[in-house]
Every structure is written in C-alpha cells, then in structure tokens.
Protein chains: 2
Amino acid sequence: MRTLAIQRKAVKRSTGTDAPRRASRRGKGRAPLSKEQILRAATLVADRDGLGAVTMRRLGQELGVEAMSLYHHVTNKEEVVAGMLELLVSELPAPDAGDWKATIRARALAAREHLRPHAWAFRLIANAEGVNLMKHHDAVVASLRAGGLSRQLTHTAMHVLGNRTFGFSEDLFLGDDHGHRRVQEILREVRQGKYPAIAEALQGVHHDDDLEFIFALDLILDGLERARDGEARDARTTSPVRDA
Amino acid sequence: MRTLAIQRKAVKRSTGTDAPRRASRRGKGRAPLSKEQILRAATLVADRDGLGAVTMRRLGQELGVEAMSLYHHVTNKEEVVAGMLELLVSELPAPDAGDWKATIRARALAAREHLRPHAWAFRLIANAEGVNLMKHHDAVVASLRAGGLSRQLTHTAMHVLGNRTFGFSEDLFLGDDHGHRRVQEILREVRQGKYPAIAEALQGVHHDDDLEFIFALDLILDGLERARDGEARDARTTSPVRDA
DNA sequence: ACGCGAAGGCTTACACTGTAAGTCGGTATG
DNA sequence: CATACCGACTTACAGTGTAAGCCTTCGCGT
C-alpha cells in the first residue's frame with residue numbers, strides 16, 4: 001500500500017513535472033478556507049473576467065489551492081454559482097420610504113446601484129431561486145398588500161414587476177462590454193434603415209438607461225395603484241377568483 | 001507527407017477501433033446537409049432533451065454525420081444556437097387585430113402558443129439579438145406609434161413590455177420539468193411559513209399561468225394607453241426630451 | 001503522553017466539451 | 001482527361017466538472 005503510493009509518486013516525478021512543491025504551503029497550517037471565501041473569490045473573478053471565467057480550477061488558483069479541494073466546502077459548481085447570487089442578494093439594502101410605492105421604488109433603485117458592478121448577476125437572477133431572493137420577493141409582496149392591493153392584484157403585480165424590483169429589466173444591454181458592443185452594432189443597423197419604425201421612434205430621443213428604468217417602473221407602479229383604486233373590476237371579471 | 005499519413009492511419013487501425021467504416025455512406029452521393037437542416041435537428045434535440053443536450057457531436061449523430069462536418073455550414077456553436085432562435089422567431093405568426101392594443105395582445109398570445117413547445121427559447125430570447133427578433137420589435141414599435149404614443153412613451157413602453165411581446169414573462173417556472181419541480185419545492189417552503197407575506201397573498205388565489213400572463217399584459221397595455229391620454233406630463237417633466 | 005479519527009488538503013483519472021488542422025474521395029468544370 | 005474544390009471524415013488538443021483515493025496534520029478523548 002504505502003510502497004505503492006511511493007512508487008506512483010516516483011513515477012509521476014519522473015514523468016516530467018518539475019517544481020512539484022507548490023509555493024502554496026502558507027505559514028505552516030495552510031489556509032482554513034471556507035465556503036464564503038470561495039464565493040467571494042468567485043464573485044471577484046466574475047466581476048473581473050465574466051461569469052464564464054468562473055471555473056473550479058481558476059477558483060482554486062485564486063485561493064492558492066487545488067480545484068478539488070473546493071469540493072470539501074461546496075458540493076458542485078452549481079452551488080458555487082447559486083451561492084454567489086445568494087451572497088449578493090443577502091447584502092441588498094432594504095430602505096423604507098413612506099408608502100408602498102415609494103418603498104418599492106427606493107428598493108429597486110438601491111438594488112440597481114448595488115448590483116451595478118456585478119453584471120453577471122443580471123443574467124443569473126432571472127432563473128434563480130434561493131432563500132434571500134425569496135425573502136426579497138416576500139418583502140415586496142408585503143409592501144403591496146400593505147398598500148391595499150387585493151391578493152389577486154398582488155399576484156399580477158409580481159408578474160408585471162418581474163425582476164424590476166431587483167433594479168433592472170431584461171434588455172439586451174447587460175452591463176458587460178460585449179453586450180455593449182452588440183448594442184452599438186444594432187444601432188448602426190437601425191441607422192442603415194433596416195428597422196424603419198425603430199429608427200423613426202429613436203429620433204430625438206436621448207437615451208439614458210437609468211432614467212428609462214425609472215420611467216418604466218413608475219408607469220407600472222402608477223398602473224398598479226390605479227388598478228387598486230377601483231377599476232380592477234372590468235379587466236378582471238374573467239378571473240374565477242374574487243377576493244378583498 | 002503521404003507516407004506519413006498512411007503510417008498514422010495504420011497506427012490508428014491497430015489501436016483497436018474496429019468497424020471503422022461507418023454505415024453513414026448513404027446511397028452514393030452522401031447527404032447534402034444544409035444549415036437549416038442542422039438548425040432543425042438542433043431544435044428537435046433541444047425540445048426533447050433540453051438545450052444542454054445540443055452538442056456538436058450529438059447533432060452530427062442525429063444527422064448521420066461527424067461533428068466536424070457541421071463546421072462547413074456554421075462557423076461555431078454560437079451560430080447554431082443563435083440560428084435556432086432566429087428560425088423559431090422567423091416563424092412567429094403576426095396576426096393583425098384592429099387597434100394597436102388588440103394587435104400587440106394578439107401577437108403576444110400567438111407567440112406564446114408558438115413558443116410553448118420550445119421551453120429553451122425563453123431562456124435564450126432574453127439575451128439574444130438577430131434580424132428576425134429585431135423585426136418583431138420593429139413591428140411592435142410601429143404599432144405603438146400608430147396608436148398615437150409619443151416617441152418617448154414608445155421607448156418606455158418597449159422597456160415595460162420587455163419580452164412580453166414574445167408571449168412570456170421571465171418568472172422562475174420555465175416550461176421544463178426541472179423548473180417545475182423547483183417551483184413545487186418553493187411552494188412547499190411557503191406553506192411551511194418561511195415566507196409569510198407570500199403565504200398570505202397566495203390564499204385562495206388559484207394559479208393559472210396563461211390567465212396571469214394576460215392580466216399582466218392588459219395591465220401594462222391599459223397603463224400605456226392612459227399614459228398616452230394626457231397625464232404623460234407629470235411623471236415625465238423630469239425628462240430632458242419633449243416630443244409629439 | 002499518546003493514538004487515532006476526521007478534516008482538509010493533493011493527485012490522478014475520466015468522460016465530455018468545442019474546435020483547429022489535416023486527409024481524402026467524388027463531382028463539376030477547365 | 002485533368003484539376004480544383006466542396007464536403008465529408010480523422011485525429012488531436014486544451015479545457016471543463018468531478019469521482020475516487022491518498023497523505024498530512026490537528027484536536028481531542030483516554
């Protein structure tokens with residue numbers, strides 16, 4: 001047994017890989033390494049080089065550790081990615097403005113700022129679950145109900161709002177420069193007249209993502225308020241459920 | 001050179017792979033194979049086994065061809081995936097109802113039906129571009145403008161509508177059974193009281209994705225119409241641009 | 001003081017991915 | 001008839017996630 005191991009080692013050494021002793025031996029007791037450390041490292045890598053660069057080997061390298069060692073702290077890569085998002089979402093600010101509309105608005109804008117440096121999160125959040133994510137949604141639901149929306153309308157409201165409560169809508173231009181370049185490309189095509197209606201609509205409209213996001217959000221919130229204030233009837237009579 | 005090749009072949013043959021002559025030789029002139037064929041095959045695979053099963057080798061196998069042969073018709077896998085979506089979108093029905101609201105509504109619902117068997121498309125469409133996709137958007141913009149919305153409001157409208165014009169909102173429950181199972185899991189947690197506000201709001205609300213989609217869509221369309229009819233002023237005075 | 005069991009690293013190996021580079025047979029064109 | 005080229009095939013490679021097993025070191029019960 002033992003001899004076998006030694007043999008293998010010897011073989012490996014002769015196979016050519018020089019400098020076999022990594023400089024990783026740090027101090028004496030090696031690094032403790034925790035799940036959170038891994039997630040922080042992953043976040044850093046994703047911020048710098050994109051989500052595609054988050055790879056077990058890369059993470060190990062970033063932490064001065066072999067890839068497989070990570071599996072003592074996470075069960076698989078999926079958990080890493082999910083964890084990154086959960087960590088981020090758990091740190092979302094949750095400001096309280098006065099009424100429900102102001103609160104939801106404030107939180108969306110705060111989330112927008114919070115997530116801005118982490119473009120990868122946008123792509124992830126769409127299909128994610130996770131406790132902190134659900135807590136966020138729970139808070140929004142609470143606000144809506146406190147604002148006097150019916151259960152049914154609250155349900156609809158969540159659908160309409162979508163991920164906007166996290167501070168973004170799902171357009172093309174996701175923060176990274178790759179997406180940015182593609183938008184430029186499309187704009188050029190528009191100017192060439194391939195999409196006449198878009199070209200017409202774009203005339204004189206000065207584009208500001210932040211402003212546009214706020215417009216859209218306000219339009220939705222106002223729409224919800226109006227739906228609450230009575231004419232919830234007409235569009236809703238087809239619904240099999242009626243509640244207060 | 002030539003001898004070298006022969007040598008290599010000899011080596012390979014001795015290496016063990018029996019049955020080297022594939023039965024793929026079809027008829028005599030081999031199959032023509034086109035990009036569209038590849039895309040159709042890819043769509044079929046994705047429909048059956050999910051987008052993750054779409055792999056060059058798998059596609060080749062599906063078409064009775066080696067993986068590398070595909071590269072004579074597409075430049076890389078990215079183009080395959082983009083092509084799948086473009087093909088699907090190019091086949092979207094574009095019904096014309098009377099006014100702009102009815103038309104957009106009808107198209108969204110038609111798209112919903114059209115895309116329903118292709119769950120993978122939902123995930124893709126969010127970050128995609130492509131000519132046919134843009135044409136779809138162009139048509140929506142045209143409808144909005146024809147409906148009397150200002151350029152600025154049209155802009156906002158596109159943000160608010162997002163991918164809803166393709167017949168879906170970006171919730172968790174993407175058609176595939178994997179997502180379905182996760183929703184069940186979350187519902188169980190809700191019932192366990194982890195998310196009290198959601199639990200409260202869910203009482204007595206009977207859930208129907210299609211109905212809910214329509215509610216949300218109508219709420220948005222009505223909101224847009226109201227914004228058009230005048231009070232576009234108050235929420236919009238902050239905008240640097242004013243147009244008719 | 002000691003032994004030992006587990007924690008947490010490391011190594012190897014494997015199946016699978018996309019794709020670069022080169023080979024080769026047939027068919028259409030000079 | 002010769003040739004060029006198209007469209008298939010073959011081989012090879014680097015990079016992915018991760019299963020399985022090995023080795024060292026530390027903390028703790030006896």
Side-chain angles (χ1 to χ4, degrees), chain A residues 1-17 19-35 37-38 42 45 49 51-61 63-82, chain B residues 1-17 19-35 37-38 42 45 49-61 63-81:
Chain A
M1 210 43 149
R2 176 151 297 227
T3 46
L4 225 168
I6 290 175
Q7 272 186 359
R8 253 213 275 115
K9 239 187 188 152
V11 165
K12 175 240 166 183
R13 198 140 303 174
S14 76
T15 309
T17 306
R21 279 282 155 265
R22 272 284 154 62
S24 69
R25 226 11 121 272
R26 186 190 306 190
K28 58 171 173 192
R30 151 183 359 120
L33 193 55
S34 69
K35 178 165 175 179
Q37 271 182 55
I38 295 176
V45 169
D49 301 338
L51 195 57
V54 175
T55 194
M56 299 309 266
R57 286 171 174 80
R58 171 76 185 271
L59 291 184
Q61 177 182 327
L63 293 162
V65 141
E66 293 300 315
M68 289 311 292
S69 300
L70 302 173
Y71 285 90
H72 281 275
H73 305 271
V74 295
T75 74
N76 51 27
K77 189 185 171 181
E78 193 184 333
E79 190 175 311
V80 173
V81 177
Chain B
M1 208 47 151
R2 177 152 295 229
T3 45
L4 226 169
I6 292 175
Q7 272 188 358
R8 256 212 272 116
K9 236 186 188 155
V11 164
K12 177 242 164 180
R13 198 140 299 175
S14 75
T15 310
T17 306
R21 278 284 155 264
R22 270 286 153 63
S24 68
R25 223 18 117 269
R26 188 193 301 193
K28 57 171 170 189
R30 144 184 7 117
L33 192 54
S34 68
K35 177 164 175 179
Q37 270 181 56
I38 295 177
V45 170
D49 301 337
L51 194 57
V54 175
T55 210
M56 298 309 267
R57 285 172 175 80
R58 172 75 184 272
L59 290 184
Q61 177 182 327
L63 292 164
V65 139
E66 293 301 313
M68 290 310 293
S69 301
L70 304 173
Y71 285 91
H72 282 275
H73 305 270
V74 294
T75 73
N76 51 27
K77 189 184 170 182
E78 193 184 333
E79 189 174 312
V80 173
V81 177

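Because the structure is predicted, anything quoted here is derived from the model rather than measured.
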* Could I get the full list of side-chain contact (heavy atoms from CB on, under 4.5 Å) partners for Val45(A), not counting sequence neighbours? => Ala53(A), Val54(A), Arg58(A), Leu59(A), Glu62(A)
* Asked: Do Met56(A) and Val74(A) come within less than 4.5 Å of each other through their side chains, counting heavy atoms only?
  -> yes
* Asked: With Arg57(A), which residues qualify under salt bridge (Lys or Arg N to Asp or Glu O under 4.0 Å), at least two apart?
  -> none
* Check every atom of dT12(C), dG9(C), dA21(C) against the side chain of Met68(B) and return the nucleotide holding the closest atom. => dA21(C)
* Structure fact -> What one should report as the nearest heavy-atom pair of Ser34(B) and His73(B) is CA-ND1, 4.0 Å
* Would you indicate, yes or no, if dC9(D) has its OP1 or OP2 atom less than 4.0 angstrom from a side-chain nitrogen or oxygen of Ser69(B)? => yes
* **Spacing between Glu66(B) atom CD and dT23(C) atom C1', to the nearest angstrom** => 14 Å
Within the sub-3.5 Å range, which N or O atoms of nucleotides 14-18 of chain C have a protein N or O partner, and how far apart are they?
from, atom 1, to, atom 2, distance (Å)
dT17(C), OP1, Thr55(B), OG1, 3.4
dT17(C), O5', Thr55(B), OG1, 3.4
dT17(C), O3', Thr55(B), OG1, 3.3
dG18(C), OP1, Thr55(B), OG1, 3.3
dG18(C), OP1, Lys77(B), NZ, 3.0
dG18(C), OP2, Thr55(B), OG1, 2.8
dG18(C), OP2, Met56(B), N, 3.1
dG18(C), N7, Arg57(B), NH1, 2.7
dG18(C), O6, Arg57(B), NH2, 3.0

* **OP1 or OP2 of dC6(D) under 4.0 Å from side-chain N/O of His73(B)** => no
* To do: Mind calculating the distance between CG (Leu70(A)) and P (dA19(D)) to the nearest angstrom?
  => 14 Å
* Asked: What's the CG-P distance between Leu51(A) and dG17(D), to the nearest Å?
  -> 11 Å
* To do: Please confirm whether any donor atom in the side chain of His72(B) sits under 3.5 Å from an acceptor in the base of dA8(D), or the reverse.
  => yes
* Just jot down the side chain to side chain donor-acceptor pair (under 3.5 Å) partners of Glu79(A), sequence neighbours excluded, or say none. => Lys35(A), Thr75(A)
* **Val80(B) side chain near Leu70(B) side chain, heavy-atom distance below 4.5 Å** => no
